[in-house]
Structures are given as structure tokens and as C-alpha cells.
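Numbers restart at 1 for each chain; the letters A, B, ... are given by sequence-line order, proteins then strands.
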Number of protein chains: 2
Amino acid sequence: MFSVSARTQYGIRALAYLARKPGWEAVGAEIAEAEDISPKYLEGILTRLAAAGLVRSERGKNGGYRLARAPDGVVMADVVAALDGEVRPVDCVDSLGICGHDTSCSSRKFWIGLKTAIDEYLGNRTLADIIENGADPGSAN
Amino acid sequence: MFSVSARTQYGIRALAYLARKPGWEAVGAEIAEAEDISPKYLEGILTRLAAAGLVRSERGKNGGYRLARAPDGVVMADVVAALDGEVRPVDCVDSLGICGHDTSCSSRKFWIGLKTAIDEYLGNRTLADIIENGADPGSAN
DNA sequence: TCTTTTTCCTATCGGTATAGTAGGATTATA
DNA sequence: TATAATCCTACTATACCGATAGGAAAAAGA
């Protein structure tokens, strides 16, 4: 339940690799080898991250990917959204009347509350927290 | 991302129906029709809920399902676990060394923190909160 | 200009889980 | 004994995911 896709896990590892890279120089296939990820698959992941503005891509020789901003500015909620989409436990969190059954659905608030809890966690963590070995900025735990 | 299966959504609706049933009498196919769920599919859902001890099943004529305890004793974390399994963002939340890559994985704490946040939310909500139209017992929101 | 190295785009494939269906065996009531 | 319900097993169709393949476009250096 609530398992995170390999895509997102790979993406975070790739971002962490870029963040640890001295001078944040542009790198490409090097990431796949270091992190033991299928190169071609990682390609698509980095493209998504670039489209979301989290990494900057440079084409051609000596090109590659570099972090678009400092690690403490890379919010994990954005990373997850870029790779696996917005947090949406049920479809009706956005638009009502999808199930066409109950206009005042009794469980909708429950799911919206869960989404809020998850968004809050992911919104308060950055890539910097991850590369500092999971230090937790939150008040809880 | 983090979408909830139809199985769990159906299950919660079925439980809410049982909770609203006067006297908590045993009912069966009636739920499927009222909640507009495929009867045969709902069957399997109720079996799971019964196996988890959340509902009590009675076979034979006049049989059916009834809530095993009062709605405020039915913790949503148990419901979700019964239908979709434990909350496990990544496999290594339980056992370390699965990826075989980094023994001190930098993102593990991050995912465990997420699991904790989700478990906390689901563990503090009961079926009673749902049928009271999503009243929120938590301090946040 | 030509070659190399890289990102980018599209298409495909196998595996797996999900949602739903089907048929019948078992159990209890009347 | 007939009926009505849960239980059990198997099947199908669909969709997504992880991964692969082949090439087009772009930028740098010779």
C-alpha cells in the first residue's frame, strides 16, 4: 500500500548524486552507472525532472544534467509530483461528482485529510535533508 | 500518486453502510446494490474484512455481514491494511539491504518518515469519523 | 565541415496487479 | 429438503510499470 514507484526512487537517487557532485557539473550516463540504474530508463526520468524545472539539461558534447537550484530549494513534493504526479488518494479530491453516487460523500474529507498530511510531509522536506542522511526538519519524530 | 484502490474505497463504503444499518443486522447483497458495487467483487472484499476481524460473517439463510465492533473501534489503518496491505512506501522500510547498494541508504529515513506520517493519520481515524461526514479528530486542519 | 557525444522523441515488450466475472461447494435456516 | 447465504477457486481483460531499442536533433571540438 502506498508504494513508491521505482521511477521516483531512481529519480531521488539521481538528484542526490547531482547534489553531491562537486561544483554541480553537468553529468549524464555517469549517474546510471554509479547508481546502478538502467541508463535508458534513467534518461526518461531526467527528462521529466528537466521538464519540471528541477534539473537543467545541456545538449551536445560535454552536456548532461545539473541541479537547477541548491539542494535545500528542491522540495520533495515537487520531485514526487514530477515523476509520479500529484498526490491524489481518490479522484474526487479535485472535482466532485465523479462517482455520481453521493453528492455529499462521507469519505471524501477523510481522503482529503490524508492527502493534506502527505503533502505537508513532502512539502517540508528538501533534497538537502536527504543527502544529510535523512535528517528530519519536522517537529514530529 | 498514492492512489487508493477501488477495493479499499468499496470496502470503506461497505463498512459505512454496515455502521449506519440500524441494529447492525447482518446483510449481504443488499450492500452491493445500495452502494452500486459489483456484487461478486464486493464478496471478496467482505471476506477480507472478515478475515481481518473487522466484520463478522454468518453463513446460511438469513446470514450476511455485520460490524464486529462499534464504528469508533474500527481504526482506518486496520481497514486499509486488510484490503491493500500495510503502508510501505519502499521495501526497505522493514528489512535493510534489499537494494544491495548502499548499506546506509540516505533516503530510507525519508520514506520511513512518510510511512510514519501516513500511519499516524490512518491510526487516529475510525469509521465513526467517516460516517459523521469526515469530522477530523486531529489537531491539524 | 565533419565527427563525436550528448539529450530528446517514439515505439515496443514482458510482467504484474487490479477490477470484474463465473461456477460451484459449503453452511445454516425454515 | 429446498432455499439463501457465505466461501473458494479459477479465469479474463485492462492498464500501468520497468525496461529496451532505434534513431533524430543539438552542441562542441577537430
Side-chain angles (χ1 to χ4, degrees), chain A residues 1-14 18 25-33 35-68 80 82-85 88-91 98-99, chain B residues 1-14 18 21 25-33 35-68 80 82-86 88-91 98-99:
Chain A
M1 186 75 199
F2 294 129
S3 60
V4 171
S5 69
R7 184 163 51 211
T8 291
Q9 296 180 56
Y10 291 166
I12 291 176
R13 271 161 59 194
L18 289 178
E25 54 174 325
V27 290
E30 170 186 335
I31 310 173
E33 196 182 0
E35 292 291 331
D36 202 34
I37 304 171
S38 159
K40 274 294 198 179
Y41 191 48
L42 180 59
E43 216 181 86
I45 292 172
L46 288 168
T47 301
R48 284 177 185 243
L49 292 175
L54 296 168
V55 301
R56 214 170 292 281
S57 67
E58 283 160 30
R59 302 181 69 167
K61 209 167 184 177
N62 300 331
Y65 298 90
R66 67 180 74 235
L67 231 49
V80 168
L83 296 173
D84 271 359
R88 186 184 302 173
V90 293
D91 285 343
I98 291 180
C99 64
Chain B
M1 185 77 199
F2 294 129
S3 59
V4 171
S5 70
R7 183 163 52 213
T8 291
Q9 296 181 54
Y10 292 165
I12 292 176
R13 271 161 59 192
L18 290 178
K21 196 76 193 172
E25 54 175 325
V27 290
E30 170 187 334
I31 310 173
E33 196 184 1
E35 292 292 331
D36 202 34
I37 303 170
S38 157
K40 273 295 197 180
Y41 192 48
L42 181 59
E43 214 181 87
I45 292 172
L46 288 167
T47 302
R48 283 177 185 244
L49 292 174
L54 295 168
V55 301
R56 216 171 290 282
S57 67
E58 284 160 29
R59 302 182 69 167
K61 206 168 185 177
N62 299 332
Y65 298 90
R66 67 179 75 233
L67 232 48
V80 168
L83 297 173
D84 271 359
E86 286 288 326
R88 185 185 302 170
V90 293
D91 285 344
I98 290 180
C99 62

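Remark: C1' of C:dT21 and CG of B:L42 are 14 Å apart, rounded to the nearest angstrom. Between the CG atom of A:D91 and the P atom of C:dA19 there is a distance of 12 Å, rounded to whole Å. One atom, CZ of A:R48, and another, P of C:dT7, lie 17 Å apart when rounded to the nearest Å. We find that CG of A:L83 is positioned 12 Å from P of D:dC17, with the value rounded to whole Å. Note: CD1 (B:I37) to C1' (C:dT18) measures 16 Å, nearest angstrom. A straight line from CZ of A:R13 to P of D:dG18 spans 13 Å, rounded to a whole angstrom. In this structure, the CG atom of B:N62 is 19 Å from the P atom of D:dA2, given to the nearest Å. The CD1-C1' distance, from A:I45 to C:dC8, rounds to 15 Å in whole Å.
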(Q) Apply side-chain contact (heavy atoms from CB on, under 4.5 Å) to residues A:R88 and A:D91 and explain how you reach the verdict. (A) CA-CA 6 Å; A:R88 186 184 302 173; A:D91 285 343; 3.9 Å; yes
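The distance from atom OG1 of A:T8 to atom CZ of A:R48, rounded to the nearest 0.5 Å, is 8.5 Å. Going from atom CD1 of A:I45 over to atom CG of A:L83 covers 6.5 Å, rounded to the nearest 0.5 Å. Distance CG/A:L42 to CG/A:D36: 11.5 Å, rounded to 0.5 Å. Here the CD1-CD1 distance, from B:I37 to B:I31, works out to 8.0 Å after rounding to the nearest 0.5 Å.
Proximity note for B:K40 (side chain, C-beta onward) versus D:dA25, D:dG18, C:dG23: the nearest is C:dG23. Of the candidate nucleotides C:dC9, D:dT6, D:dA25, C:dC9 has the atom lying nearest to any side-chain atom of A:T47.
Each of B:P39 and A:L46 was matched to the nucleotide of DNA chain C holding its nearest heavy atom; the match closer to the 5' end belongs to A:L46. Heavy-atom nearest nucleotides on DNA chain D were determined for B:G64 and for A:E43, and the one closer to the 5' end corresponds to B:G64. With the nearest nucleotide of DNA chain D identified for both B:S57 and A:K61, B:S57 has the one nearer the 5' end.
Donor-acceptor pairing under 3.5 Å, judged by distance alone, is absent between the side chain of A:R59 and the base of C:dT6.
Neither OP1 nor OP2 of C:dA22 sits under 4.0 Å from any side-chain N or O of B:Y41. Residue A:S38 places at least one side-chain N or O closer than 4.0 Å to OP1 or OP2 of D:dT20. The side chain of A:Y10 contributes no N or O atom lying less than 4.0 Å from OP1 or OP2 of D:dG18.
A:E58 comes within contact range of the sugar-phosphate backbone alone, with a heavy-atom separation under 4.0 Å but no base atom that close. Within 4.0 Å of A:G44, counting heavy atoms only, lies no atom of the nucleic acid at all.
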